[in-house]
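Because only heavy atoms are used, hydrogens play no part in the values below, and waters and symmetry mates are left out as well, while side chains stay in. Counting from 1, the numbers follow the sequence of the chain as shown.
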Amino acid sequence: MKRVVVLGAKGQLGLCIQELSNAYPGLDFLFLDSKALDVSSAKQVETLFKSTPFDYCINCAAYTAVDKAEDEKELAYKINTLGVKFLAESCKKHQVTLIHISTDFVFDGKSTMPYKEEDKENPLGVYGASKLAGEKEIAIHLKNYFIIRTSWLYSVHGSNFVKTMLKLAKGRKELSIVNDQKGTPTNAHDLAGVILKIINSNASSYGVYHYSNLGHATWFEFAKAIFEMTHTKIKVNPVDSSQFRTKAERPKYSILDKTKIMNTFGIEIPAWEESLEKMVKVMQA
């Protein structure tokens, strides 16, 4: 029986892992949210790892408010960098394998080819920079780790683009959606399954991996698919991101190359449209 602690357990990925956990009788889970464990407290982190033996720690805890991070830089780094440093130190001390969730925002979006794990990082804002700094802390302190970068995460849980679009569509006849940022929508349920498969397989191919669903879309194309699949009648207008000024700059291109994770763990990744359709069916059930 392997013991697994999941941090950030009330976020959408943490909740998806919780839903799938029953399918893994060989794994014993402890789910902790930010109220139960403040990752930015070295004392709390060390007390947890000292009191309970774990084989794996899945870190879904993060500061993810991209625009607010520009004003709350200290808080973003406290959670995304310092908190990750404390986790890495305790994982090393207690021989725990860390699985850490990172982001496509570590890249600047100036590529024209899907980003590989070894490509040069160059975050555009505080959020991406704080997440990259967290990755570096893991590499400094640990050998037994998996960093999984993902993009455009959504699920039936929490706040995400899918739910925001459906909410905005109520009572409106049309919406304008950005059409010059390209990436891949990713169903958190699929990512949760991959994480649990890695643990269950006793994999030791440690390092950085990219995971998102297959294919790509702009936010406009993603929104259109959401409305089509949910039979929501609304006119969607494609617009340039310059018409929506945000505090933080977003990468224009954040498609991730998934070759490494597919080949290393022998996983098949569904197309983003297929996974979106599954999520819509769950929502409408």
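Here the side chain of Glu249 pairs no donor or acceptor atom with the backbone of Leu124 at under 3.5 angstrom. Gln44 places no side-chain N or O within donor-acceptor distance of the main-chain N or O of Val39, the cut-off being under 3.5 Å. With Lys163 contributing its side chain and Val156 its backbone, the two residues share a donor-acceptor pair below 3.5 Å. Between the Asn160 side chain and the Ser155 main chain, a donor and an acceptor come within less than 3.5 Å of each other. Side chain of Glu117 to backbone of His210: a donor-acceptor contact under 3.5 angstrom is found. At distances below 3.5 Å, at least one donor-acceptor pair connects side-chain atoms of Tyr115 with backbone N or O atoms of Gly109. Side chain of Asp257 to main chain of Pro114: no donor-acceptor pair is present (N/O by atom type, distance under 3.5 Å, no hydrogens or angles). Put simply, the side chain of Thr52 never gets that close to the backbone of Phe49: no donor and acceptor are under 3.5 Å apart. No donor-acceptor pair closer than 3.5 Å links the side chain of Thr81 to the backbone N or O of Lys78. The backbone N or O of Lys68 sits nowhere less than 3.5 Å from a side-chain atom of Lys247 that would complete a donor-acceptor pair.
Taking the six-membered ring for Trp, Trp152 and Phe161 have ring centres at least 6.0 Å apart. Two rings, from Phe146 and Tyr211, have their centers 6.0 Å or more apart.
Rounding to the nearest 0.5 angstrom, the gap separating the CG atom in Leu37 from the CG atom in Leu30 is 9.5 Å. Taking OG from Ser41 and CZ from Phe86, the interatomic distance works out to 7.5 Å, rounded to the nearest 0.5 Å. Between atom CD1 of residue Ile99 and atom CD1 of residue Ile138 there is a gap of 11.0 Å, rounded to the nearest 0.5 Å. In this structure, Ser275 OG and Leu191 CG are separated by 11.0 Å, a value rounded to the nearest 0.5 Å. Atom-to-atom distance recorded for Leu256:CG and Thr186:OG1 is 7.5 Å, nearest 0.5 angstrom. Put simply, OG1 on Thr112 and CD1 on Ile255 are 10.0 Å apart, with the number rounded to the nearest 0.5 Å.
Among Leu87, Ile147, Ile101, the single residue meeting the side chain to side chain contact (heavy atoms under 4.5 Å, CB included) criterion with Asn59 is Leu87. Here the rule is side-chain hydrogen bond (donor to acceptor under 3.5 Å, both in side chains) with His157, and of Gln18, Glu19, His189 only Glu19 fits it. Between Tyr154 and the choices Thr164, Ile226, Asn187, the side chain to side chain contact (heavy atoms under 4.5 Å, CB included) rule is met once, by Asn187.
If you check the side chains of Asn80 and Ser130, you find a donor sitting under 3.5 Å from an acceptor. No side-chain donor from either of Thr184 and Asn213 sits under 3.5 Å from a side-chain acceptor of the other.
Applying the 6.0 Å contact sphere to NZ of Lys260 captures more than 12 heavy atoms from other residues, nucleotides or ligands. For CD of Gln284, the number of neighbouring non-hydrogen atoms (other residues, nucleotides, ligands) closer than 6.0 Å is greater than 12. Environment of CE in Met1: crowded, with over 12 heavy atoms of neighbouring residues, nucleotides or ligands closer than 6.0 Å. Counting heavy-atom neighbours within 6.0 Å of Glu274 CD, excluding the residue itself, gives a total above 12. In the displayed structure, Lys73 atom NZ is contacted under 6.0 Å by at most 12 heavy atoms of other residues, nucleotides or ligands.
Checked for salt-bridge contact, Asp33 and Lys10 meet the test: a charged N lies under 4.0 Å from a carboxylate O. With salt bridges taken as basic N to acidic carboxylate O contacts below 4.0 Å, one links Arg250 and Asp67. In this structure, Lys85 pairs ionically with Glu89, as a charged nitrogen and a carboxylate oxygen lie closer than 4.0 Å. For the pair Lys136 and Glu121, the salt-bridge criterion is not met [side-chain N within less than 4.0 Å of a carboxylate O]. The pair Asp28-Arg3 meets the salt-bridge criterion, since a charged nitrogen lies less than 4.0 angstrom from a carboxylate oxygen.
For the pair Val6 and Cys60, the tightest heavy-atom approach, listed with the atom from each and the gap, is CG1-SG, 4.4 Å. Residue Trp272 comes nearest to Ala217 through the heavy atom pair CZ2-CB, 3.5 Å, listed as atom of the first residue, atom of the second, then distance. Residues Gly183 and Ser254 share a closest heavy-atom pair of CA-OG, 4.0 Å. Summarising the geometry of Asp119 relative to Phe107, their closest heavy-atom pair is O-CE2, 3.6 Å, with the distance given to 0.1 Å. Heavy atoms only, all atoms of each residue included: Met262 and Ile269 are closest at CG-CD1, 3.5 Å.
Contact of the Phe29 side chain with the Ile17 side chain is registered, since non-hydrogen atoms from C-beta on lie closer than 4.5 Å. By the 4.5 Å heavy-atom criterion applied to side chains, Tyr127 and Thr103 are counted as neighbours. Between Glu72 and Tyr63 the shortest side-chain heavy-atom distance falls below 4.5 Å. Under the 4.5 Å side-chain criterion, counting only non-hydrogen atoms from C-beta, Phe244 is in contact with Val239.
For residues 219-244, the set of pairs meeting the salt bridge (Lys or Arg N to Asp or Glu O under 4.0 Å) definition, not counting sequence neighbours, is empty.
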